[in-house]
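Written out below as structure tokens is the structure these notes cover.
Chain letters run A, B, ... following the sequence lines, proteins first, then strands; residues in each count from 1.
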There are 2 protein chains.
Amino acid sequence: MPLERIVSTALQIVDDEGADALSMRTLAQRLGSGTATLYRHFDSRTALVAHVVDRMFGAVDLNGDELRAMGWQQALRTVAHTMFEALARHRNAARLMAEEIPLGPNAMALREHCLAALLGSGFPPRLAAHTFATLARYVLGFAIQVNGHGGGGQRDDAHLSAVFQSADPVLFPATVTVAGSMPVPIEDEFSFGLELLLSGLAHLRDDA
Amino acid sequence: MPLERIVSTALQIVDDEGADALSMRTLAQRLGSGTATLYRHFDSRTALVAHVVDRMFGAVDLNGDELRAMGWQQALRTVAHTMFEALARHRNAARLMAEEIPLGPNAMALREHCLAALLGSGFPPRLAAHTFATLARYVLGFAIQVNGHGGGGQRDDAHLSAVFQSADPVLFPATVTVAGSMPVPIEDEFSFGLELLLSGLAHLRDDA
DNA sequence: ACCTGAACACCGTTCAAGT
DNA sequence: ACCTGAACACCGTTCAAGT
């Protein structure tokens, strides 16, 4: 039983049926095996999940040299958007990352490429570390909160907008005023904040 | 059995023993009752969790008038830090928010005060909505990823730093270079990104 | 050596039966 | 009306027993 087959089957279950549907029993059954067999490949469910998470990062294949060539600002933009897309493509799986800082081989490679681009553009190590940490957590924080359509998650945006629109105008005048613009589509929200971060970084470097 | 007692007991369990320790059985037992009784007050575990989440937002008591008086930049800084502290105080509970946009009364009040301050400073409704959405998700994204010390979560920072320091210098030269600055303490990371966002917003308004 | 059925100690949720 | 024990259909994990 190849380890790779276990991991990709697990990711498929999460994609198709939601994060909660991934149980050791379901997975074993889909593989035509028993739960105990899985424990011969992974110490625990947590270890299995870590592999599934890193598999998602595998879809992010950024060329280190190209990244260095495009300048730090465009490099960060590219990394952020590519990461976000990779994680959003597996919306159900994203929340599996909530617990641990990803340390799998693919996550390590991504971090390396990004840090190299920053150092190459003259960022001091400390600033590079802060910048990557903030960017990564920004992307992960967004991806985690993207609600899958699978399990009984959040009501859809139309319903949510109605909730804000129908709030008591005496208690919530400002909320009602902006209700037409809420909720902000997650992609817009993501890009808006990302550009703010990049603009802030640019001015920070101009001042230095 | 007052509903308030159920919610505060539930939050206490999460604080003390981690999010996973909150089961309907454990909660019922702690209350000297049965699980079926809980279902007479809440439709499901999810509904209970929503109340626990809003209870955390209850600790964020910001005066709307004071907020409006301090200008949008300081107002956003205050809201973000106060929210972050309230959520970090219940690190184990923060991840309970991952699924849904908080809509409880305390969360609604917080949103209203913040939006009112932005509109009062001349933000157009759309920009106000985008700004609040981005800020809120930024804070929640951070708070969710703060790893509790309870359940068997991430290794501590010292161990994590050692992992980066001992990475292969041929494969990961940039990572090893900045290893001394990683991992970035979460509070520093939070403030760093928050100031970038505020700086970006300030320049966006200067241009307009 | 590698695999697995069956068990252990848990879950969320429901419902008939009690007061 | 309000509460609850016991059950149902699940979990993650382990281990003695099979091949």
Expressed as a whole number of angstroms, how long is the span from [X]:[atom1] to [N]:[atom2]?
X: B:Leu48; N: C:dG12; atom1: CG; atom2: C1'; answer: 12 Å
X: A:Leu31; N: C:dC3; atom1: CG; atom2: P; answer: 12 Å
X: B:Ile6; N: D:dC3; atom1: CD1; atom2: C1'; answer: 12 Å
X: B:Gln29; N: D:dT4; atom1: CD; atom2: C1'; answer: 15 Å
X: B:Leu27; N: C:dT13; atom1: CG; atom2: P; answer: 12 Å
X: A:Met24; N: C:dC11; atom1: CE; atom2: P; answer: 19 Å
X: B:Asp20; N: C:dA9; atom1: CG; atom2: P; answer: 20 Å
X: B:Phe42; N: D:dC3; atom1: CZ; atom2: P; answer: 13 Å

Scan B:Leu22 against the nucleic acid and name what it touches under 4.0 Å (heavy atoms): base, sugar-phosphate only, or nothing.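 The residue B:Leu22 makes sugar-phosphate contact but no base contact.
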Map A:Arg40 and A:Thr35 onto DNA chain C by nearest heavy atom, then report which one ends up closer to the 5' terminus.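 Looking at DNA chain C, the more 5' nearest nucleotide goes with A:Arg40.
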Which sits closer to the 5' end of DNA chain D, A:Ala36 or A:Arg25, going by the nucleotide each is nearest to?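 Comparing both residues, the 5'-ward one is A:Arg25.
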Given that B:Ser33 and A:Arg45 both sit by DNA chain D, which one's nearest nucleotide is further toward the 5' end?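 Closer to the 5' end of DNA chain D: B:Ser33.
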Show the nearest heavy-atom pair for residues B:Arg68 and B:Ala117, with the distance to one decimal.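 Taking B:Arg68 first and B:Ala117 second, the nearest heavy atoms are CG-CA, 3.8 Å.
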Where do B:Leu119 and B:Ala128 come nearest, in terms of heavy atoms and distance?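 Heavy-atom minimum between the residues: CD2-CB, 4.0 Å.
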Partner of A:Phe172 under side-chain contact (heavy atoms from CB on, under 4.5 Å), chosen from B:His113, B:Glu112, B:Arg111: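 Only one of B:His113, B:Glu112, B:Arg111 forms a side-chain contact (heavy atoms from CB on, under 4.5 Å) with A:Phe172, namely B:Glu112.
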As a test of reading the structure: which of D:dC3, C:dT14, D:dT14 is closest to the side chain of B:Thr37, going by heavy atoms?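 The answer is D:dC3, which lies nearest to the side chain.
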Between the side chains of A:Glu189 and B:Thr134, is a donor N or O closer than 3.5 angstrom to an acceptor N or O?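 Judged by distance alone, the side chains do not pair up.
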Looking only at side-chain N and O atoms, does B:Asn106 offer a donor or acceptor that is under 3.5 Å from a partner on B:Asp54?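 The answer is yes; a qualifying pair exists.
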Only pairs with both distances under 3.5 Å count, Watson-Crick or wobble alike; so what is the partner of D:dA1 in this structure?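 When the pairing criteria are applied, C:dT19 turns out to be the nucleotide that pairs with D:dA1.
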D:dA6 - base-pair partner by Watson-Crick or wobble geometry, distances under 3.5 Å: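 Partner of D:dA6: C:dT14.
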